[in-house]
Amino acid sequence: MTRVLVSQLLIAAALLVNTCTASAKPAVLASDIWCPYVCDAQASQRGYVLDLTQRALEIAGQKSQFEIQPFLRTLENGRQSKVDIVLAVTAEHLKEYELTSSHSIIGRYSNDFYVNKSDQWQYQAPDSLLTKNIAAIQGYTYGQVLDDFLPTLPSLYLASGKSQLEMNLQRLIKGRVSIILGNRHVIEYVAAEQGLIPQIRYAGSEGESMPLFIGFSQNAVQEGLLERFETGLKLLQQSGEYQQILARYRISF
């Protein structure tokens, strides 16, 4: 018997156990809107992390529902087991909010800077931001270096409410800020939707990219949701559906 066949049989056996023990109550997934990672569940493109997570659970026999919440509230609700699964979180978030990590990395995050197409500025170090007007997003964490440095800047705009990134992109295009800070995948996805890609330019990143995980509340772990997710994800990878979902969003990591 080949190794591949043995592996498939073992996964199938695990899947059968998980399906038999799956809760009739839908697992509650939560996140803010962070396209292309997580988008509006009613949109044609719901986000690749949301698609992968719900399909993995579905294959393992677990129903799920998705709720849009502000990011910090989502993390706190995960800590209190008011939601079962928090989508696309860093190791820092997992530790601070006492969530259990998925075994599998679900993507990567980086702190990236964008400027107007005609601006030749390039990020070198935090000090290179001192004379610039910068836009970021209220409530987001950008790693220790930038979290400590950004509040010291003389000109920092923090977008809040709905459509924060759209707001920051418009401020950049109109010349109200000279730099926007965010994640490269997210900025380019939103800019493409608004037809703004020809008007902006990537200008460097702070530090190395960080892996992203799925965070599980303590109640979710006790109910076996982590094992069902990992089993379903392995089946998605073996069937090729995993790569098909990534390809729809032009994502690779």
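Values below: every heavy atom of this structure, side chains too, minus hydrogens, waters and symmetry copies.
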* To do: If a pair satisfies ring pair (Phe, Tyr, Trp, His ring centres under 6.0 Å) and one of its residues is in residues 170-228, list it, with sequence neighbours excluded.
  => Tyr114-Tyr202, Phe216-Phe229
* Asked: Which residue pairs pass the ring pair (Phe, Tyr, Trp, His ring centres under 6.0 Å) test when at least one of the two sits in residues 37-57, sequence neighbours left out?
  -> Trp34-Tyr37, Tyr37-Tyr48
Can you tell me how far apart [atom1] ([X]) and [atom2] ([Y]) are? Round to the nearest 0.5 Å.
X	Y	atom1	atom2	result
Asp32	Leu72	CG	CG	9.0 Å
Gln80	Arg73	CD	CZ	12.0 Å
Ile134	Asn168	CD1	CG	11.5 Å
Met210	Arg108	CE	CZ	9.5 Å
Leu75	Gln69	CG	CD	10.0 Å
Leu52	Gln237	CG	CD	9.0 Å

Does [Y] offer a backbone N or O that forms a donor-acceptor pair with the side chain of [X] under 3.5 Å?
X	Y	answer
Ser110	Asp112	no
Ser178	Asn133	yes
Gln164	Gly161	yes
Thr231	Arg228	no
Ser239	Leu236	yes
Arg201	Asp119	yes
Asn183	Val186	yes
Asn111	Tyr142	yes
Glu67	Val83	no
Ser217	Ser81	no

Heavy atoms, side chains only, cut-off 4.5 Å: are [X] and [Y] in contact?
X	Y	result
Val190	Glu166	yes
Ile85	Leu57	yes
Leu169	Gln194	yes
Ile197	Glu188	yes
Phe113	Leu129	yes
Glu223	Lys25	yes
Ile180	Ile187	yes
Gln218	Thr100	yes

* Mind jotting down which residue pairs meet the disulfide bond (SG atoms under 2.5 Å apart) criterion with at least one end in residues 135-242? Sequence neighbours excluded, please. => none
* So which pairs with a foot in residues 31-65 pass disulfide bond (SG atoms under 2.5 Å apart), sequence neighbours left out? -> Cys35-Cys39
* To do: Take Gln62 and Leu225 through the side chain to side chain contact (heavy atoms under 4.5 Å, CB included) test and state the conclusion after the steps.
  => CA-CA 8 Å; Gln62 176 64 56; Leu225 290 178; 3.5 Å; yes
* Asked: So Leu87 and Leu50, side chain to side chain contact (heavy atoms under 4.5 Å, CB included) or not? Walk me through it.
  -> CA-CA 7 Å; Leu87 302 175; Leu50 178 57; 4.0 Å; yes
* More than 12 heavy atoms of other residues, nucleotides or ligands under 6.0 Å from NZ of Lys132: is that the case? -> yes
* **Modelled atom types, side-chain donor and acceptor of Glu206 and Tyr123, under 3.5 Å** => yes
* Tell me yes or no: between the side chains of Gln54 and Ser64, is some donor less than 3.5 Å from an acceptor? => yes
* **Verdict with reasoning, Gln138 to Tyr157, per side chain to side chain contact (heavy atoms under 4.5 Å, CB included)** => CA-CA 9 Å; Gln138 180 75 46; Tyr157 172 77; over 6 Å; no
* In chain order, what residues pass the salt bridge (charged side-chain N to carboxylate O under 4.0 Å, His left out) check against Glu96, with sequence neighbours excluded? -> none
* Structure fact -> Residues passing the salt bridge (charged side-chain N to carboxylate O under 4.0 Å, His left out) test with Arg248, sequence neighbours excluded, are Asp51
* Asked: In terms of hydrophobic clustering (I, L, V, M, F, W, Y; side-chain heavy atoms under 4.5 Å; direct or indirect links), are Val145 and Leu181 co-clustered?
  -> no
Looking at every non-hydrogen atom in both residues, tell me the closest pair between [X] and [Y] and how far apart they are.
X	Y	value
Ser104	Glu230	OG-OE1, 2.8 Å
Trp121	Ser128	NE1-O, 3.2 Å
Ala88	Ile214	N-CD1, 4.0 Å

* To do: Start with the C-alpha distance between Leu196 and Ile173, add both sets of side-chain angles, then the distance that settles side chain to side chain contact (heavy atoms under 4.5 Å, CB included), and finish with yes or no.
  => CA-CA 8 Å; Leu196 299 178; Ile173 296 303; 4.1 Å; yes
* Asked: Which of parallel (below 30°), tilted (30 to 60°) and perpendicular (above 60°) describes His93 and Phe71?
  -> perpendicular
* Asked: Is there a salt bridge (Lys or Arg N to Asp or Glu O under 4.0 Å) between Arg55 and Glu58 once you walk through the steps?
  -> CA-CA 5 Å; Arg55 276 294 290 145; Glu58 180 183 16; 2.8 Å; yes
